[in-house]
2 protein chains.
Amino acid sequence: MVKYVGPSLDATFAALADPTRRAIVARLGEAGPSQGVAVGELAEPFEMSAPAISKHLRVLERAGMLTQQRDGRVRRCRLDPTPINEASRWIEHHRAFWNNQLDALADFLEGPNKEDAAHD
Amino acid sequence: MVKYVGPSLDATFAALADPTRRAIVARLGEAGPSQGVAVGELAEPFEMSAPAISKHLRVLERAGMLTQQRDGRVRRCRLDPTPINEASRWIEHHRAFWNNQLDALADFLEGPNKEDAAHD
DNA sequence: TACATACTTAACCATATGGTTAAATATAAG
DNA sequence: CTTATATTTAACCATATGGTTAAGTATGTA
């Protein structure tokens, strides 16, 4: 199969498909555009080994959602919002689209004897 | 690991992490709230075996995004927008949050000598 | 220099994905 | 009843995930 996924929708949605990573993303979001949050700090809430966290961070990194920079022996993580913005665009586009259609159906089902139905 | 994921954010984002499934979702969205689209019709654009499509559909089904109903020997698929609506809510919440913070940072960086900076 | 801190990398295991082909199932049609 | 159509299930394979423990690596500190 060997399908390359760079900073793509594939990688972004896959990265968001795990609760630990979503929590990390949320945490980094709360931290805002600061100097970044240390890996150890990010790891703290989770009952999980350090390597497990490290792997999650690499998944986020490969999705382009996270960058790391060294600060002494500490690595600080920051969010790059671009991939999620793109994912958001995709999802919003389609969500809005078919919800509108569902609304149209609801209107039709609920008011075929009202004036809306007179349109055709 | 054996982690149960029902119609959850996990399953929804995972389902969206594949281009074939996103295309299927898009197709079903375009079809709107109709009687549904036949599996064969959904499969048509893809150079992929029928079982491959069938598996994709089951991933979407387990995520609660798709329902199937038999119509003779044809199975018709319809979208259930609920899971994506929830995913959209999550993503929009966090996206909006940190983009606002980024904007705040931009404002700060760009206007520390303007009146905005006078607030503290 | 020696040791602790903060991580990552390596090696391993189990399960899920994403694909294949081949076989089963269900319905329609001849 | 036989055959074609539509789709799933079974069995298999390779790779990715999500976790583990054990071993590196890099930096700060005594």
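A note on names: the letters A, B, ... follow the listed sequences, proteins ahead of strands, and every chain is numbered from 1.
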**Request:** Can you tell me which residue pairs pass the ring pair (Phe, Tyr, Trp, His ring centres under 6.0 Å) test with a partner in residues 54-90 of chain B, sequence neighbours excluded?
**Result:**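 Those involving residues 54-90 of chain B are B/Trp90-B/His94.
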
Inter- and intrachain pairs under salt bridge (charged side-chain N to carboxylate O under 4.0 Å, His left out), touching residues 43-56 of chain A, at least two apart:
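Pairs touching residues 43-56 of chain A that pass the test: none.
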
Can you list everything that forms a side-chain hydrogen bond (donor to acceptor under 3.5 Å, both in side chains) with [X]? Sequence neighbours excluded, please.
X	value
B/Thr67	none
A/Arg75	none
B/Thr82	B/Asp80
B/Gln69	none

Protein heavy-atom contacts under 4.0 Å, written 5' to 3' over nucleotides 21-30 of chain D as B (base), S (sugar-phosphate only) or - (none), form the string BB---SBS--

Please state how far atom [atom1] in [X] lies from atom [atom2] in [N], giving the value in whole angstrom units.
X	N	atom1	atom2	answer
B/Phe46	C/dT20	CZ	C1'	18 Å
B/Glu47	C/dT21	CD	P	13 Å
A/Arg76	C/dT8	CZ	P	13 Å
A/Arg62	C/dT9	CZ	P	12 Å
B/Ile24	C/dT17	CD1	P	14 Å
B/Leu16	C/dG18	CG	P	12 Å
A/Asp10	C/dT17	CG	C1'	12 Å
A/Asp18	C/dA16	CG	P	14 Å

When we call it a touch if two heavy atoms are under 4.0 Å apart, what does [X] touch: a base, just sugar-phosphate, or nothing?
X	value
B/Glu41	nothing
B/Arg21	sugar-phosphate
B/Ala38	sugar-phosphate

Check each residue of residues 53-61 of chain B for a non-hydrogen atom within less than 4.0 Å of any atom in DNA chain D, then write out the ones that pass by number, or none.
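Listed by number, they are B/Ser54, B/Arg58.
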
Checklist line | Partner residues of B/Ala87 under the side chain to side chain contact (heavy atoms under 4.5 Å, CB included) criterion, sequence neighbours left out | finding: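 Partners of B/Ala87 under the side chain to side chain contact (heavy atoms under 4.5 Å, CB included) test: A/Ile91, B/Leu9, B/Thr12, B/Phe13.
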
Whether the side chain of A/Asp71 engages the backbone of A/Val74 through a donor-acceptor N/O pair (distance < 3.5 Å, no angle test) should be reported.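 No, because the side chain of A/Asp71 does not come within donor-acceptor range (under 3.5 Å) of the backbone of A/Val74.
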
Is the phosphate of D/dT7, meaning OP1 or OP2, less than 4.0 Å from a side-chain N or O of B/Gln68?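 For D/dT7, neither OP1 nor OP2 has a side-chain N or O of B/Gln68 closer than 4.0 Å.
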
So, A/Arg89 and A/Glu86, do they make that salt bridge, N to O below 4.0 Å?
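Between A/Glu86 and A/Arg89 there is no salt bridge, as every charged N stays at least 4.0 Å from the carboxylate O atoms.
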
